[in-house]
Participant: 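Supplied in structure tokens, the structure appears directly below.
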Amino acid sequence: MRAVDVIIKKRNGNALSREEIEFFINGYVNGDIPDYQASALLMAIFLKGMDSRETADLTLAMVNSGERVDLSAIKGIKVDKHSTGGVGDTTTLIVAPLVAACNVPVAKMSGRGLGHTGGTLDKLESIPGFRVELTRDEFIAAVQAVGLAVISQSKGLVPADKMLYALRDVTGTVPSMPLIASSIMSKKIASGADAIVLDVKTGSGAFMSTVEDSFALAREMVNIGERLGIRTTALVTDMDQPLGMAVGNALEVKEAIEVLRGEITGPLADVSLTLAAYMLLTAGACRDVEEGRSMAEEALASGRGLKKLGDMIRQQGGDPRVLEDTSLLPGARTVIPVKAGQDGYISSMDTEKIGISSLVLGAGRTKKEDPIDPGVGLVMRKRVGDKVSRGDILADFYVNNEAAFPEAADIFRAAVRISAEKPESRPLIFGAVTRDGIKHLGFKP
Ligand code: URA
Ligand code: CA
């Protein structure tokens, strides 16, 4: 087999066989196939697409390029959850304990924040003492002991994705449905879960800005999972404004704790309960999503979810007293309000810009190596649709580096649009894609 023939076949719009896909991925990872040929194939895939069978074969070839975590020592159906990335999206910290509290083990590998999106590992590390780097044995022991663990993705998973992503980044081939779907699913499958629930974000802060594209990505990923024998469900949820009110690491941990204490309701709690319900359903722990939802609600109301989060924090070396006293989390020296410049309704928010505003304060990073400040960020006081008067506080900024505040505030003000008309309300959860098809919870795209 020759690499050039595989490129020509895809360039001409034909489907590649499993053997051709394996040959190319293995050859690229081994160094037999150079970057320029891999770039040409990526561009051909970008332009001509891949069908579901090809995309699943590509995903499996990528999984097989590295190690696959073996979680078989943990009893039960292990369920994982993945979000395509958002702002103020602290669902993992709420959902993982709720699901574990329903006796479904959660063995989760998470990532760090990059660009405008936050990362679960950075949030967890704002808890004093918390360790995200566990050995494989410690990880399994932690899940066996308390029913959940959230750790850093091991370095050896899916080397093909690391290489291909770097190439896509510089060849204009990132926004391709089969390439995105295989990239995400290869990492999830290599992490060893038996069941996966995906939270595909849609809107101004998401990878996919249209609802239609978000459903297409959701369907593609469910397809891959089911073809490779992993029960997979995908929700499409709104990211046209931050999910929670807090954007920033310790601030988001505090908000997650408040949800688990039952002190706050709203979109973050709602999406978390729905994700938990689908995780329970996908893991086979309930008959339908309504039953899953009741189980998750009961875990929250009884405080068992909060207790599970405490068990996980203790197990991973963190200080569980943060659950009772969130002032033990890192804070900021100053809190500065940002106010509305005019009367009207909040008509829309540019979620990506709000993420960048928090990043500018020091909560996020532009390069992988950048340090972050866990205590800084912002807490919104208003959401889309709220009425405001000039001078009302839109958000409180938690600041350590005052020199960064003016730019961060300017970005935030530009991101929050105020107009005379009340905007139409938008669904929070657009729908769920399972192997049986699409269930519309919000509206029909
Ligand atoms: N996230 C990933 O992990 N891969 C992509 O290609 C896009 C988003
Ligand atoms: Ca995330």
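Note that the structure is predicted; figures quoted are calculated from it, not measured. Indexing begins at 1, ligand by ligand and atom by atom, following the structure's order.
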Participant: In this structure, which one of Val106, Leu124, Ile127 forms a side-chain contact (heavy atoms from CB on, under 4.5 Å) with Met312?
Facilitator: Leu124

Participant: Do the charged groups of Glu20 and Arg2 touch, with an N to O distance under 4.0 Å?
Facilitator: no

Participant: Tabulation required: pairs of a nitrogen or oxygen in ligand 1 and a protein nitrogen or oxygen under 3.5 Å; columns are atom names and distance to 0.1 Å; otherwise 'none'.
Facilitator:
{"residue": "ligand 1", "atom": "3 (O)", "partner": "Ser183", "partner atom": "OG", "Å": "3.4"}
{"residue": "ligand 1", "atom": "3 (O)", "partner": "Lys187", "partner atom": "NZ", "Å": "2.4"}
{"residue": "ligand 1", "atom": "4 (N)", "partner": "Ser183", "partner atom": "OG", "Å": "2.6"}
{"residue": "ligand 1", "atom": "6 (O)", "partner": "Arg168", "partner atom": "NH1", "Å": "2.9"}
{"residue": "ligand 1", "atom": "6 (O)", "partner": "Arg168", "partner atom": "NH2", "Å": "2.9"}
{"residue": "ligand 1", "atom": "6 (O)", "partner": "Ser183", "partner atom": "OG", "Å": "3.4"}

Participant: Regarding Asp370 and Arg112, does a basic nitrogen lie under 4.0 Å from an acidic carboxylate oxygen?
Facilitator: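 The answer is no: the pair does not qualify as a salt bridge.
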
Participant: One thing to verify: whether Asp70 and Arg68 come together as a salt bridge, which I'm taking to mean a side-chain N less than 4.0 angstrom from a carboxylate O.
Facilitator: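 Result for this pair is no, no salt bridge flagged.
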
Participant: Between Ser65 and Ala160 (side chain of the first, backbone of the second, donor and acceptor by atom type, cut-off under 3.5 Å), is there such a pair?
Facilitator: yes

Participant: I'd like a table of donor-acceptor pairs (distance under 3.5 Å, sequence neighbours excluded) in which one partner is a side-chain atom from residues 141-156, with atom names and distances.
Facilitator:
{"residue": "Gln144", "atom": "NE2", "partner": "Ala73", "partner atom": "O", "Å": "2.9"}
{"residue": "Ser154", "atom": "OG", "partner": "Arg136", "partner atom": "NH2", "Å": "3.0"}

